[in-house]
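Worksheet for the structure shown next.
All residue numbers in this chain count up from 1 along the given sequence.
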Amino acid sequence: STLLIMFPSAEGHRRFVPFPSDFEVSGDEVSVSVRPYEITKRVNVKERWRDRPLGEVFSENFQLEKNYLEEAALNKKLLINDLECSPEDLLRNGDVVTHTYLMEEPPLRNEKVEVLAENELLLVVDKPEGLPCHPQRSFEKSSLTEIVRRGYLGETWEYLHPINRLDRQTSGIVLLAKSRKGYMLLSKQLHDDAMSKLYVARVAGTLQGCTSGSEISTEEGEASAIDVLAASKRTWHSVCSLPLHLEKHKTGQPLTTVVDHEKGKEATTHFMTLRRFCDGTSLVLCRPITGRTHQIRVHLSALGCPILGDRLYGSQHCVPTPPGAISTELDEDRLCLHAAAYTLSLAKEDDEDEDEDAAKRTDFAELKENLPLQTGFEDAPGSSCSLVYLCHRQPAWCSGKVISKQGAPR
């Protein structure tokens with residue numbers, strides 16, 4: 001079988017999610033940010049916090065300075081069980097700490113979320129880089145679910161939950177359940193063996209086993225941007241099966257995954273080189289077979305080809321700035337990884353156990369009924385047995401002067 005992966009053209013009707021009314025565009029129109037607002041958080045005292053001073057706990061866990069905590073308590077912005085308190089007060093079992101503060105969220109790139117497909121249960125969107133999937137830390141209103149809920153579905157819409165998640169710095173396809181019923185139904189149906197995920201990454205160097213004669217390359221600036229024809233698994237140049245272990249999370253530190261042959265879980269990723277650039281970097285197609293945290297990033301780093309901009313896993317390369325573009329502080333937090341396509345199987349494999357055939361047919365039939373079609377792909381070849389969601393947008397870092405199959409720049 002063959003699989004065609006490409007960035008579609010911009011023709012036809014495309015839907016973008018407007019930023020909510022409390023977002024403001026910067027003067028240079030490069031970034032957008034929500035206006036500062038007051039927010040109140042309530043937190044139950046954890047076991048490890050008991051019998052320790054409030055100020056010490058909040059300084060250690062939330063990086064709040066002593067002077068700030070004293071002022072917050074004085075202004076009744078910091079309370080224990082809704083009562084006035086002091087940073088020196090000891091926290092007890094059952095206490096609830098309330099903290100009211102001015103929220104100033106980091107700016108985002110002025111790039112709108114695109115709606116690729118939708119029905120009453122599901123939204124399929126293309127998430128811009130730098131945008132977390134759900135509210136976290138300093139990103140509350142500046143999160144995918146909140147922007148889509150408030151800017152597209154409406155302020156009164158109560159439920160929107162990611163079925164798959166992408167790292168904040170990763171752009172691409174995210175499936176959002178529009179109701180709890182939809183989430184329970186689709187998260188159960190969209191199991192790993194029914195979903196194939198394809199990512200594009202720009203990495204330092206060239207993967208071993210990838211020769212220039214087997215690369216698939218297009219001219220710089222060509223309208224289709226990337227056309228990849230992969231003829232079965234035999235065409236994947238590299239396979240990485242290093243076991244991965246998620247290290248225990250430390251407060252104030254990012255989640256980190258490491259290669260660990262003793263404690264690590266099975267992890268497999270297929271890679272295929274699409275282009276080699278004159279600056280010594282490569283564009284790589286990635287297909288994760290398993291779904292470990294940071295799997296693609298760690299596997300590429302372990303192979304000696306870290307993703308550009310991935311400082312957590314050893315990249316020393318900056319993300320290339322497109323010709324004519326203005327470099328900003330946002331460029332320092334970029335990652336060249338894009339979830340370009342999701343393929344959902346809607347039929348059983350030929351070698352499926354016949355005893356499971358009837359049940360599988362029922363599951364796939366129900367899945368097909370519950371998934372929206374992406375406009376422009378309703379009659380795509382193979383659509384009767386699979387459903388493909390494709391991003392229209394090509395990340396700017398996919399472009400550059402490439403090396404031809406003969407090894408000469410072009």
Side-chain angles (χ1 to χ4, degrees), residues 8 10 12-26 29 31-35 37 39 103 105-187 189-190 195 197 199 330 333 335 337-342 344 370-377 387-393 395:
H13 179 65
R14 296 174 64 182
R15 290 178 292 168
F16 292 91
V17 176
F19 287 105
S21 59
D22 52 354
F23 279 73
E24 296 178 335
V25 179
S26 62
E29 299 187 351
S31 64
V32 61
S33 57
V34 63
R35 289 191 292 272
Y37 60 95
I39 187 173
M103 185 70 162
E105 301 192 21
L108 304 170
R109 289 187 175 277
N110 189 14
E111 297 176 0
K112 294 180 179 178
V113 176
E114 182 173 6
V115 177
L116 303 176
E118 180 184 10
N119 65 8
E120 66 277 6
L121 295 177
L122 184 70
L123 264 171
V124 182
V125 302
D126 177 4
K127 181 186 82 69
E129 64 182 53
L131 185 65
C133 282
H134 51 78
Q136 55 181 256
R137 300 187 187 91
S138 56
F139 296 87
E140 289 282 341
K141 294 183 178 181
S142 301
S143 61
L144 176 65
T145 52
E146 282 300 286
I147 288 175
V148 172
R149 185 184 67 81
R150 299 174 61 227
Y152 183 75
L153 297 174
E155 293 278 1
T156 59
W157 197 277
E158 295 183 354
Y159 189 93
L160 193 64
H161 198 285
I163 293 177
N164 69 301
R165 287 185 174 87
L166 297 179
D167 294 336
R168 181 178 63 82
Q169 297 166 293
T170 303
S171 60
I173 293 176
V174 178
L175 280 60
L176 299 170
K178 295 167 66 176
S179 66
R180 189 173 299 276
K181 176 183 176 182
Y183 177 77
M184 296 301 292
L185 179 64
L186 293 171
S187 61
Q189 292 176 335
L190 296 177
M195 182 185 293
K197 308 169 186 178
Y199 292 73
L330 293 175
D333 190 34
L335 181 71
L337 182 62
H338 177 68
Y342 273 37
L344 308 173
N370 290 325
L371 291 172
L373 294 176
Q374 183 174 355
T375 303
F377 296 95
L387 183 62
V388 181
Y389 294 126
L390 295 169
C391 286
H392 293 282
R393 178 176 55 88

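- Taking both residues in full, the closest heavy atoms of Leu122 and Ala177 are given as CD1-N, 4.2 Å, listed atom of the first, atom of the second, then distance.
- Side-chain contact between Val174 and Val113: absent, with no pair of heavy atoms (C-beta onward) separated by less than 4.5 Å.
- Rounded to the nearest 0.5 Å, atoms CZ (Arg149) and CH2 (Trp157) are 11.0 Å apart.
- With Ser26 contributing its side chain and Ser31 its backbone, the two residues share a donor-acceptor pair below 3.5 Å.
- By the side-chain contact (heavy atoms from CB on, under 4.5 Å) test, Pro106 is found to be paired with Ser138, Phe139, residues two or more places apart in sequence or in another chain being considered.
- For Ser33, the side-chain contact (heavy atoms from CB on, under 4.5 Å) partners are Pro107, not counting sequence neighbours.
- Looking only at side-chain heavy atoms (C-beta outward), Val125 and Val17 stay at 4.5 Å or farther from each other.
- Here the closest non-hydrogen pair linking Ala339 and Cys391 is O-SG, 3.5 Å.
- For Glu105, the side chain to side chain donor-acceptor pair (under 3.5 Å) criterion is met by Tyr37, Ser142, not counting sequence neighbours.
- Rounding to the nearest 0.5 Å places CD1 of Ile173 at 6.5 Å from CG of Leu390.
- Counting only heavy atoms from C-beta outward, the side chains of Lys141 and Asp22 approach each other to under 4.5 Å.
- Take Glu111 and apply the salt bridge (charged side-chain N to carboxylate O under 4.0 Å, His left out) test, not counting sequence neighbours, and it matches no residue.
- The NE2 atom of His161 sits 13.0 Å away from atom CG of Leu175, with the distance rounded to the nearest 0.5 Å.
- For Glu24, the side chain to side chain donor-acceptor pair (under 3.5 Å) partners two or more places apart in sequence, or in a different chain, are Arg35.
- With a 4.5 Å cut-off on side-chain heavy atoms, Leu166 and Leu144 do not count as touching.
- Judged as a ring pair (Phe, Tyr, Trp, His ring centres under 6.0 Å), and not counting sequence neighbours, Tyr342 has no contacts.
- Taking all atoms of both residues into account, the shortest heavy-atom contact from Pro20 to Gly151 is CG-N, 4.0 Å.
- Listed by first and then second residue, the salt bridge (Lys or Arg N to Asp or Glu O under 4.0 Å) pairs involving residues 152-164 are Arg150-Glu155 (not counting sequence neighbours).
- Summarising the geometry, atom NE2 belonging to His392 is positioned 5.5 Å from atom CZ belonging to Arg14; distances are rounded to the nearest 0.5 Å.
- With sequence neighbours excluded, the residues that form a side-chain contact (heavy atoms from CB on, under 4.5 Å) with Glu29 are Val25, Asn110.
- Here CG of Leu160 is found 6.0 Å from OG1 of Thr145. Values are rounded to the nearest 0.5 Å.
- Using a 4.5 Å heavy-atom cutoff, the side chains of Leu371 and Leu186 are in contact.
- The backbone N or O of Pro132 sits nowhere less than 3.5 Å from a side-chain atom of Lys127 that would complete a donor-acceptor pair.
- Under the rule for a side chain to side chain donor-acceptor pair (under 3.5 Å), Asn119 has no partner lying at least two apart in sequence or in another chain.
- Listed by first and then second residue, the side-chain hydrogen bond (donor to acceptor under 3.5 Å, both in side chains) pairs involving residues 173-183 are Glu118-Lys178 (not counting sequence neighbours).
- Considering only heavy atoms from C-beta on, Asp167 stays 4.5 Å or farther from Leu337 through its side chain.
- From Arg109, atom CZ reaches atom CG of Leu131 across 12.5 Å, with rounding to the nearest 0.5 Å.
- In terms of the side chain to side chain donor-acceptor pair (under 3.5 Å) criterion, residue partners of Ser171 (sequence neighbours excluded) are, by chain and number, His338.
- Residues Arg15 and Tyr152 share a closest heavy-atom pair of NH1-OH, 3.0 Å.
- A heavy-atom distance below 4.5 Å is found between the side chains of Glu140 and Pro135.
- Between Gly130 and Leu108 the shortest heavy-atom distance is O-CD2, 3.6 Å.
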